[in-house]
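From a predicted model like this one, the values you see are computed outputs, not experimental measurements. All values below come from the heavy atoms of this structure, side chains included, with hydrogens, waters and symmetry mates left out. Just so we're on the same page: letters track the sequence lines, and every chain starts at 1.
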Number of protein chains: 2
Amino acid sequence: MDVTEPVFEHRAECAKVSRVLSRIGDKWSVLVIMLLRRQPQRFNELKRGIGNISQRMLTLTLRNLERDGLVSRTVTPSIPPRVDYALTQLGHSLAEPVQALGAWAFDHLDLIDAAQTRYDASADR
Amino acid sequence: MDVTEPVFEHRAECAKVSRVLSRIGDKWSVLVIMLLRRQPQRFNELKRGIGNISQRMLTLTLRNLERDGLVSRTVTPSIPPRVDYALTQLGHSLAEPVQALGAWAFDHLDLIDAAQTRYDASADR
DNA sequence: CCGTATCCGGGCCGATACTG
DNA sequence: CAGTATCGGCCCGGATACGG
């Protein structure tokens, strides 16, 4: 990155934090984390729990979460095979602020909807 | 959305929450919110503060935040024109859990980096 | 200074088919 | 059951040019 020192010196940290946050915001990760928060689950349990995610995206999401050390993957080589996913300790510690943010979102859904409606109405046509 | 009732009844809420969270995770919104948290700022102040954002994306980001009722936009029709952006009350209330998440990200950056390195190393080749 | 309009390349993501 | 492989659309987002 050619970040040419914009204004504050803590830019580099911001960039890193931003990278972490973009993982959280990638549409599926949060849902997976919330589902795993209650208990470990198998691949297709997660798939059904989320409902409209494609197999491909669930795989990718889980791989990324595993790579970040947030989710553990344990394979039981039986027939048929069994794979369990669970939050790591790191994953659980992340789940807390995520939960807080989710709670905020939930609490303010109607305010946001109202604001959007208002905005769209005033932006006539 | 054709969500065909997957497992739990609170799916609809999850979808809405997810929509809100995806706004937060869209790469720039969080940075804008953090910058506006300290004080209102003008367009190019924000641009310089972020450093590598394109004019287009800053505009879009601010429009979305304004649409959600998180940011206010006040125009002073002078020459040259002046536009100030500030967090609304709703925006400030969002800034808190976002800040918490940012703090978590910051605190665990090294753990995540380490996990990634470990993962990439074990995924040989 | 603060935007909007247009072009366009890359990557995200769903659909589908195939393996162990 | 739990994936990998491949293809293709489409949207995100940067670059550039222009207007109030």
(message) Under the salt bridge (Lys or Arg N to Asp or Glu O under 4.0 Å) definition, can you give me all pairs with a residue in residues 54-66 of chain B, not counting sequence neighbours?
(response) none
(message) Output the rounded distance in Å from CD1 (B:I53) to P (D:dC12).
(response) 15 Å
(request) Map A:D26 and B:P80 onto DNA chain C by nearest heavy atom, then report which one ends up closer to the 5' terminus. (result) B:P80
(request) Apply the test side-chain hydrogen bond (donor to acceptor under 3.5 Å, both in side chains) to residues B:Q116 and A:D68: give CA-CA distance (whole Å), side-chain angles for both, the deciding distance (0.1 Å), then the verdict. (result) CA-CA 5 Å; B:Q116 288 181 354; A:D68 288 347; 2.7 Å; yes
(request) Between D:dA2, C:dC1, D:dG14, spot the one nearest the side chain of B:S54, thanks. (result) D:dG14
(request) Map B:R56 and B:P81 onto DNA chain D by nearest heavy atom, then report which one ends up closer to the 5' terminus. (result) B:R56
(request) Decide whether A:S29 and A:D26 meet the rule of one side-chain donor and one side-chain acceptor closer than 3.5 Å. (result) yes
(request) Would you mind reading off the distance between B:R23 atom CZ and D:dC12 atom P, rounded to a whole angstrom? (result) 10 Å
(request) May I have the distance from B:R42 (atom CZ) to C:dG3 (atom P), rounded to whole angstrom? (result) 10 Å
(request) Take atom CE of A:M57 and atom C1' of C:dG11, then tell me their distance rounded to the nearest Å. (result) 11 Å
(request) Look at the side-chain heavy atoms of Ile, Leu, Val, Met, Phe, Trp and Tyr, link any pair under 4.5 Å apart, and say whether B:V75 and B:L62 land in one connected group. (result) yes
(message) Measure CG/B:N64 against C1'/D:dG13 and give the value in whole Å, please.
(response) 13 Å
(message) What is the distance, to the nearest angstrom, from the CD atom on B:Q55 to the C1' atom on C:dA5?
(response) 12 Å
(message) Taking the nucleotide of DNA chain D with the nearest heavy atom to each, does B:K27 or A:V83 sit closer to the 5' end?
(response) A:V83
(message) Taking 4.0 Å as the cut-off, does a side-chain nitrogen or oxygen of B:R63 come that near to OP1 or OP2 on C:dT4?
(response) yes
(request) Round to a whole Å and report the spacing from CG of A:L46 to C1' of D:dG3. (result) 14 Å
(request) Indicate whether OP1 or OP2 belonging to C:dC1 is found under 4.0 Å from a side-chain N or O atom of B:Y85. (result) no
(request) Determine yes or no for a side-chain-to-main-chain donor-acceptor pair under 3.5 angstrom, with B:Q41 supplying the side chain and B:A86 the backbone. (result) no
(request) Write down the distance between CD (B:E66) and P (C:dC2), rounded to a whole number of angstrom. (result) 15 Å
